[in-house]
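On a predicted model such as this, the values are computed, not experimentally measured, just so you know.
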Amino acid sequence: MRRLPPVSGSETGESRARGYVADVLAPTAIGAATRFLFFTGKGGVGKTTLACSTALSCAAAGERVLLVSTDPASNLDEMLGTPLGPEPTPVPGAPGLSAANIAPEEAAESYRERALAPYVGVVPEAELAGMREALSGACTTEIASFDRFAGLLAGDGVAFDRVVFDTAPTGHTLRLLDLPRAWTDFLRTNTHGASCLGPHGGLVTREARFRAARLALEDPAQTTVVLVTRADAAALREAARTSGELSDIGLGNQRLVVNGVFTATGADDPVATALAARGQRALAAMPPILAALPTTSVPLRAFDMVGLDALRAVVQGGAPPKREAEPPSDAETLALPTLSALVDEIAARPAGLVMVMGKGGVGKTTIAAAIAVELASRGLDVRLSTTDPAAHVSATLDGALPHLTVGRIDPAAEREAYVDRVMSTKGKDLDADGRALLLEDLRSPCTEEVAVFHAFARTVSAAKKEIVILDTAPTGHTLLLLDATGAYHRDVLRGMEPGYAARATTPLMRLQDPSYTKIVLVTLAETTPVSEAAQLALDLGRAGITPWAWVVNGTIAMTRVRDPILAARAAGERAQIARIQAGLAKRVAVVPLRLEEPHGVEALRALASARECG
C-alpha cells in the first residue's frame, strides 16, 4: 500500500480530501485483499465511523459485506439507521451490506441452551436448574460472545466476501483477539475434563473452531487490523501500545488511520490555530512503532457521522448540508454549571464511592483524576483507581499529592493473586492429584474475569472509610462487570437463610444505594456519545442503579470560534447540551475543551476547580 500524505480538513482541501479518503477506504486499499478487517483503537477515535464507511465502500464495489460489532455497547443501529440483532440483517439503502451485533446476553442464552440440551429429560429438573445457574455468570457471557466471534472467522460467515469488525475499545478488544490462542491452549492441555464452564466435552467440540479462528487471525493473507487514532498524544500512545501487544499475539498485519485531523482555515481564529498546532505536534512526535506502519489521515468533519449519507461522505468526500453557526452569547456561557459544583457536593461526605462511567474516549480518566485531585487538595482522604485494562491513571496524574492514593485493578496481577489465594485455601487439604486438577481449572481464561470482579468488590467496599473515585472501563466492558456483580448478588442471597439474607450487603446493593454511590456519566456533546450515555443510564436503571450526574467534556460550544468547521460543531454541541438538560440528567456539568491536554496535578486541579465555563 502506498503511503498517502495527510488530508486537509479545510474548505480549500475538500477536493484533495475527496480523492485520498476514497482511496484509503476503498476495498483494496487498507487491507490489500484480506477478507477480515478489524477496526480497533482507543474509545472515541472513530472506529465505528470508519468501519461503517469502509463496509459501505466495499458493498458499493459489488461485494457481499457483513459488518459486525463486537462491542457490548454497540451503536451500529443508530449509525446505520436500522435495528440490528445477532443475526445478519440487510441494511436498507445499502445493497450488498448486512450488519449484526454480537449481543452478549443473547449469545449467552444460546450457549446455555446448547450446553444443557444433552441433559434435558435426563437429569432431574432441580439439577438442571442448578446447571443453568452455574452457566449464568460472566464467564459464560464472555465465552458465548467469543464463540460467535470465532465462528465468523472459522466459517460461519462463508456467505460474505468480506467481514468488517467494529470492535470495542482497546482493552476489551485485546482480550477478545487473544482468546482464540488462550482457549486453544487451554483445551489442548486440559487433561482432567473440568472447567468453569461445565462438562469438558462441551468445550472439546469447539476446539477445532477456536483453532481455525486463531489461524485466521494470525494469517496476514486473511486478516488486517486497522488501528484508528486521533492526532492526539494520548490516543497515539495507546495505538502504539496496542500495536505492540497485537504483534505479540501474532497479529502483525496492521495499518494506521489518523482520524479527525483538523487544519485551520485562517489565522484570525486563535482557538482553531491552537487546535491545529496541537494536532501537528502530536503527529510529529508519533511513536516509531506507528510511524513504521502504512498510514493515512481523514479530515475532521463539521457534521455528526450518523446515517448512510454522512457515512458515505467519509468515503466520497462530500458532506451533508452544513448548519451555519454563530458564536455563543455570554448568557449561554454563564448558564452552565462547572465540574467544581459537582465536587462541592461530593466533598460534603468524607466517604463514599464515585464511579465515573461512559463511552470510550470521552475523557473518563481525566475527569476521575481531576475530581480526585481537587478532593485531596481539600484535605479529604481519596483513593483513585480504575477498572479499565487500558487506562493509566498514574500517568494522567503524573505526581503525588497528600491524602491521595492511586492504584489500578490490573487483570494479570489480580489473576495471579486470585490463583494463589484459591490454591492456599481450597487446595491446601487436597492431595497431589486434587491440587493438579484445581490448578488446571484455574488456568481457564475465565479466571481473569472472576479475579477482576473480586478486586472490584474490594474497591467498592473500601468506600466505607474513604472517598473512592473509580475510573471505569468503556461502557460495554463495565456492563459485563456489572452483570457479574448482579450474578454474585443473586448467588449470595440464594445460599443464605432468609433472616441472614435480609442483613447481607453485596456490592450490587452498595451500587444501588445513592447515599453510598454516585454514578457520574461522562459524554461528549455529540449525537452518538449522548445517545450511548442515555442508553447506559437505562441499562443502569434496569439494575436498580440511578446515575447521579452527567459531565459534558471537551466542549467548544462555550468558546467563541470563527473557523467554519469549529463553528458548525459548536452549534451541534449546544443542541446536544440542551437535549441533556431537557430531561436526560438531573445534574449537568460542562467542561470546556483545553488547548493543552490536562496532565499533572496542577492542570487537573485547575480543571476541577474552575467556577466558570469560559
Side-chain angles (χ1 to χ4, degrees), residues 73 337-359 362 364 367-372 374-376 378 380-387 409 453 455-473 475 478-490 492-493 501-523 530 532-553 580-591 608:
T338 64
L339 188 59
S340 64
L342 299 185
V343 176
D344 289 342
E345 290 193 61
I346 296 169
R349 291 188 69 247
L353 175 67
V354 179
M355 283 187 69
V356 183
M357 304 175 66
K359 171 183 168 68
V362 297
K364 296 184 300 298
I367 296 301
I371 292 173
E374 176 61 15
L375 289 170
R378 299 184 186 189
L380 295 164
D381 291 328
V382 181
R383 179 189 301 268
L384 172 63
S385 188
T386 181
T387 66
I409 297 176
F453 164 71
F456 169 71
R458 291 195 300 272
T459 303
V460 170
S461 181
K464 291 184 291 185
K465 298 180 179 179
E466 60 187 346
I467 297 177
V468 174
I469 310 296
L470 189 58
D471 166 41
T472 68
T475 304
T478 297
L479 287 175
L480 293 179
L481 180 61
L482 293 179
D483 284 343
T485 306
Y488 175 81
H489 169 81
R490 293 188 297 273
V492 167
L493 297 189
R503 298 193 296 272
T505 302
T506 67
L508 178 62
M509 294 165 71
R510 296 195 190 282
L511 298 183
Q512 293 170 333
D513 181 359
S515 68
Y516 189 92
T517 299
K518 290 179 171 62
I519 304 292
V520 176
L521 300 187
V522 183
T523 186
V530 171
E532 288 197 13
Q535 183 59 52
L536 173 57
L538 291 175
D539 291 335
L540 291 170
R542 283 192 284 272
I545 302 170
T546 302
W548 176 70
W550 285 43
V551 173
V552 186
N553 192 28
I580 295 168
Q581 291 178 312
L584 292 179
K586 294 180 180 179
R587 294 175 182 81
V588 182
V590 175
V591 177

Checklist line | Residues Asp539 and Arg542 bridged, charged N to O under 4.0 Å | finding: yes

Next item on the list: State plainly whether the residues Arg587 and Glu345 are in salt-bridge range, i.e. N to O under 4.0 Å.
Entry: yes

Please name the pair of heavy atoms, one in [X] and one in [Y], separated by the smallest distance, quoted to 0.1 Å.
X      : Y      : answer
Thr338 : Ser340 : OG1-OG, 2.8 Å
Ala347 : Arg378 : CB-NH1, 3.8 Å
Ile467 : Arg349 : CD1-O, 3.5 Å
Ala376 : Val382 : N-CG2, 3.8 Å
Ala534 : Leu584 : CB-CD2, 4.1 Å
Lys364 : Val356 : O-CG1, 3.8 Å

Calculate, to the nearest 0.5 Å, the distance between atoms [atom1] and [atom2] belonging to [X] and [Y] respectively.
X      : Y      : atom1 : atom2 : result
Leu540 : Gln512 : CG    : CD    : 11.0 Å
Ile409 : Thr459 : CD1   : OG1   : 4.0 Å
Lys464 : Leu353 : NZ    : CG    : 12.5 Å
Leu339 : Glu374 : CG    : CD    : 9.0 Å
Met355 : Ile519 : CE    : CD1   : 5.0 Å
Asp471 : Ser385 : CG    : OG    : 8.5 Å

Short question: side chain of [X], backbone of [Y] - any donor-acceptor pair under 3.5 Å?
X      : Y      : answer
Thr386 : Thr472 : no
Thr517 : Arg510 : yes
Asp381 : Glu466 : no
Tyr516 : Val460 : yes

Notebook entry, point to check: Quick one: does Ile371's side chain get under 4.5 Å of Leu342's, heavy atoms only?
Noted result: no

Margin query: Less than 4.5 Å apart, side chain to side chain, heavy atoms only: is that true for Leu375 and Leu380?
Written below: yes

Next item on the list: Show your reasoning for whether side-chain contact (heavy atoms from CB on, under 4.5 Å) applies to Val354 and Trp548.
Entry: CA-CA 9 Å; Val354 179; Trp548 176 70; over 6 Å; no

